[in-house]
Amino acid sequence: MESLLFFVSFYSKYYSERKGFRMIEWSEDTIEKFQATLLDWYDHHKRILPWRQDHDPYHIWVSEIMLQQTQVQTVIPYYLNFMKQFPTVQALAEADEGSLMKAWEGLGYYSRARNLQRAAKQIVNDYHGNWPTTVSGLKELSGIGPYTAGAIASIAFNQPVAAIDGNAFRVFSRLLEIDDDVAKPQTRKIFETVVNQIISKDRPGDFNQAIMDLGASYMTATNYDTNQSPVKAFNQSYRDGIEDQFPVKTKKKRPVPHDYFGIVLHSDNNYLFEKRPTTGILANFWMFPLFDQQGLIKDKSDSEGILINRAENEIHDEYQLPVHLHKVNAKPITHTFTHQQWHITLLEGTLSFDSDLSYFPGKWIETANFHTIAFSKVQQKMWATYEKAVKSK
DNA sequence: GACACGTGGTT
DNA sequence: TAACCAAGTGT
């Protein structure tokens, strides 16, 4: 009874003043029926996934980090390989950074991998291999925020706590017609409070995972099939025919365009790579040097030939390297990140292998060694475009 | 609290 | 195609 009172009082406190809000109230009986219906469906239809074979916190943790902003189908092969290479938290703590990044190559959001290892070292060195089991304890670890802490605490340690991810936002906003903007950080509190009241106290981990499976099947963002959903009877927005209004989410900004020259300098099978800065996008990655074309433009009417000439001059002035460059690709390579869109025109030139590289922040890498190094997708695109152009000659 | 941070897939 | 989505976190 206490939980029901809390549930209702929560809503009256946070919602009653809001204009136009119509509260959907669930009785304790409804909550119990929802749990039973959801968990029964989960028992019969849950996805079989590599990280669902046991409740080992290491397995749950690695999978949850990989799954951040990443689809299950993408994660599966990375997860399997990662567990082969780094089977325990101790192995991960001791891994060299190069092989760690190689194991993460192509997954994106690479700070996840670095935070993963930082947390592994925290567990091994500071906690003597013992995992924190509570949300607040887990959040002390690098890379673990409110969602992942809730997921690990509930799945690995059976703590009755919410794990609010994109699925939970979508599912519960539709079930309860919650119209708060899920893009706003403060909205998380509302969902956490609601789900902490509804979550199964006996099987919290299964409850959270069931919501995710629901959000990935009958309650997807688009092309959802609510009529087949096991919990459609509990779905108020469906009953009202307004499910397309949920979740409420403000628009994201468009990626900002950047035009670059990608500089391909080589000596036989050796290519000159620049090490990117330690912060910012694609931090620490080896990449062909990029020149922002904006920085080369003096007048709007500058031709591309003039810009290429200025790029040559900059390479000579900054790196003390004499180069003659020619254009490789007619159409720029396009690569879109969350907040940036890159258009890259490749410029090729040759360089003597014994050139003085002391003014250049990088090194030669032989093609034979490419497979040992982690490259970003945009670098892989540059290489593929270059190779294709060379072969067609 | 707004923004940075990767990549692949869908519409 | 531009826009949006996919098991978010750090600053």
Side-chain angles (χ1 to χ4, degrees), chain A residues 46-47 49-52 59-79 101 104-116 118-119 138-156 162-171 181-189 191-192 205 207-217 219-224 247 249-258 276-285 287 334-342 374-381:
Chain A
K46 68 178 173 190
R47 290 174 289 180
L49 300 169
W51 46 88
R52 283 184 176 174
H59 297 162
I60 306 302
W61 172 50
V62 172
S63 70
E64 290 299 342
I65 301 297
M66 287 186 171
L67 285 161
Q68 290 169 5
Q69 303 290 283
T70 311
Q71 298 191 132
V72 166
Q73 152 189 330
T74 304
V75 165
I76 289 173
Y78 282 92
Y79 175 84
M101 294 316 292
W104 208 270
E105 180 185 42
L107 252 192
Y109 285 153
Y110 297 97
S111 64
R112 288 186 295 175
R114 300 198 172 94
N115 285 330
L116 201 63
R118 197 171 304 147
L138 288 160
K139 278 168 71 176
E140 296 300 309
L141 298 168
S142 294
I144 296 186
Y147 161 73
T148 306
I152 298 173
S154 63
I155 298 169
I164 307 300
D165 67 339
N167 288 303
F169 277 129
R170 190 169 57 255
V171 168
D181 183 356
V182 302
K184 296 212 176 307
Q186 60 200 29
T187 303
R188 168 179 300 278
K189 292 195 220 81
F191 280 76
E192 279 177 349
F207 181 97
N208 283 332
Q209 292 181 92
I211 295 297
M212 296 182 213
D213 280 16
L214 200 54
S217 57
M219 296 185 72
T220 49
T222 57
N223 293 336
Y224 40 86
K249 190 189 286 190
T250 49
K251 310 269 188 221
K252 288 173 182 168
K253 294 198 311 187
R254 294 179 45 168
V256 178
H258 291 277
R276 293 184 58 82
T278 53
T279 57
I281 197 162
L282 301 175
N284 297 322
F285 274 81
M287 194 175 293
T334 297
H335 190 82
T336 308
F337 303 94
T338 312
H339 293 286
Q340 296 182 32
Q341 183 165 59
W342 289 5
F375 292 116
S376 65
K377 283 294 166 181
V378 65
Q379 172 58 39
Q380 293 177 29
K381 277 188 196 175

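Numbered from 1 within each chain, the chains take letters A, B, ... in sequence-line order. Values in this document were obtained by computation on a predicted structure and should not be read as measured data.
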*Asks:* In whole Å, what is the span from the NZ atom of A:Lys189 to the C1' atom of C:dG8?
*Replies:*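 Checked: the NZ to C1' distance equals 17 Å.
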
*Asks:* Taking C:dA7 as the reference, what is the distance to B:dA2 when you measure between their P atoms (whole Å, please)?
*Replies:*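 Each nucleotide's P atom is 23 Å from the other's.
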
*Asks:* Specify the separation, in whole Å, of atom CG of A:Asp181 and atom C1' of B:dA2.
*Replies:*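 Whole-Å distance recorded here is 13 Å.
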
*Asks:* Would you mind classifying the nucleic acid contact of A:Val75 as base, sugar-phosphate or nothing, using non-hydrogen atoms under 4.0 angstrom?
*Replies:*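 If one applies the 4.0 Å heavy-atom cut-off, A:Val75 turns out to touch nothing in the nucleic acid.
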
*Asks:* For A:Pro146, does its backbone N or O pair with a side-chain atom of A:Arg188 as donor and acceptor, under 3.5 Å?
*Replies:*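 Checking the backbone N and O of A:Pro146 against the side chain of A:Arg188, no donor-acceptor pair under 3.5 Å is found.
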
*Asks:* Does B:dC5 have its OP1 or OP2 closer than 4.0 Å to a side-chain nitrogen or oxygen of A:His339?
*Replies:*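 Indeed not, no polar side-chain atom of A:His339 lies that close.
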
*Asks:* What integer distance in Å separates A:Tyr147:OH from C:dG8:C1'?
*Replies:*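 Rounded to the whole Å, the gap is 9 Å.
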
*Asks:* Protein within reach of the bases, or only the backbone? For nucleotides 6-11 of chain B, mark each nucleotide 5' to 3' as B, S or -, using heavy atoms under 4.0 Å.
*Replies:* BBS--S

*Asks:* A:Met66 CE to C:dA7 C1': how many Å, rounded?
*Replies:*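 Rounding to the nearest Å, CE of A:Met66 and C1' of C:dA7 are 13 Å apart.
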
*Asks:* So how far is it from A:Leu107 CG to A:Thr70 OG1, rounded to the nearest 0.5 Å?
*Replies:*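 Output value for this atom pair is 6.0 Å.
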
*Asks:* Can you find a side chain N or O atom of A:Arg170 that sits less than 4.0 Å from OP1 or OP2 on C:dA7?
*Replies:*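 The answer is yes; a side-chain N or O of A:Arg170 sits under 4.0 Å from OP1 or OP2.
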
*Asks:* Taking atom types as modelled, is there a side-chain donor on A:Asn167 or A:Arg170 under 3.5 Å from an acceptor on the other?
*Replies:*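 Looking only at side-chain atoms, A:Arg170 and A:Asn167 do form a donor-acceptor pair, the distance falling under 3.5 Å.
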
*Asks:* For A:Ile60, answer base if it contacts any base atom (sugar-phosphate contacts may also be present), sugar-phosphate if it contacts only those atoms, and nothing otherwise; contact means non-hydrogen atoms under 4.0 Å.
*Replies:*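 If one applies the 4.0 Å heavy-atom cut-off, A:Ile60 turns out to touch nothing in the nucleic acid.
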
*Asks:* Say we look at C:dA6 and B:dC5: how far apart would their P atoms be, to the nearest angstrom?
*Replies:*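 Between the two P atoms, the distance is 23 Å.
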
*Asks:* Tell me if the aromatic rings of A:Phe337 and A:His335 count as close, with their centers under 6.0 Å from one another.
*Replies:*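 Yes, close enough.
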
*Asks:* Hey, could you give me the CD1/OG distance between A:Ile152 and A:Ser63, rounded to the nearest 0.5 Å?
*Replies:*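 Rounded to the nearest 0.5 Å, the CD1-OG separation comes to 8.0 Å.
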
*Asks:* When rounded to the nearest Å, what value does the distance between P atoms of B:dC3 and C:dC4 take?
*Replies:*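 Their P atoms lie roughly 15 Å apart.
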
*Asks:* May I ask you to say what A:Trp61 touches in the nucleic acid, namely base, sugar-phosphate or nothing, with a heavy-atom cut-off under 4.0 Å?
*Replies:*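 Nothing, no heavy atom under 4.0 Å.
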
*Asks:* In whole angstroms, how far is the C1' atom of C:dC4 from the CG atom of A:Asn167?
*Replies:*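 After rounding, the reported distance stands at 15 Å.
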
*Asks:* Just how far, in rounded Å, is C1' of B:dC3 from CD of A:Gln340?
*Replies:*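 In whole Å, B:dC3 C1' lies 12 Å from A:Gln340 CD.
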
*Asks:* Please lay out, stage by stage, how A:Arg52 and A:Arg47 fare under the test side chain to side chain contact (heavy atoms under 4.5 Å, CB included).
*Replies:* CA-CA 9 Å; A:Arg52 283 184 176 174; A:Arg47 290 174 289 180; 3.8 Å; yes

*Asks:* Looking at every strand, decide which applies to A:Pro255 at a 4.0 Å heavy-atom threshold: base, sugar-phosphate, or nothing.
*Replies:*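 The answer is nothing, as A:Pro255 stays clear of every strand by at least 4.0 Å.
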
*Asks:* How many Å lie between NZ on A:Lys252 and P on C:dG8, as a whole number?
*Replies:*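 Distance, rounded to whole Å: 10 Å.
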
*Asks:* Just by distance, no angles: are the side chains of A:Glu64 and A:Tyr147 close enough, under 3.5 Å, to form a donor-acceptor pair?
*Replies:*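 Yes, A:Tyr147 and A:Glu64 have a side-chain donor paired with an acceptor closer than 3.5 Å.
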
*Asks:* For A:Lys253 and C:dC4, what is the distance between atoms NZ and P respectively, to the nearest whole Å?
*Replies:*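 It works out to 14 Å between those atoms.
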
*Asks:* Let me know, please, whether A:Ser63 or A:Gly143 comes out on the 5' side of the other along DNA chain C by nearest nucleotide.
*Replies:*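 Closest to the 5' end, via its nearest nucleotide, is A:Ser63.
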
*Asks:* Across the strands shown, which category fits A:Gln186 at heavy-atom distances under 4.0 angstrom: base, sugar-phosphate, nothing?
*Replies:*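 Result for A:Gln186 = sugar-phosphate.
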
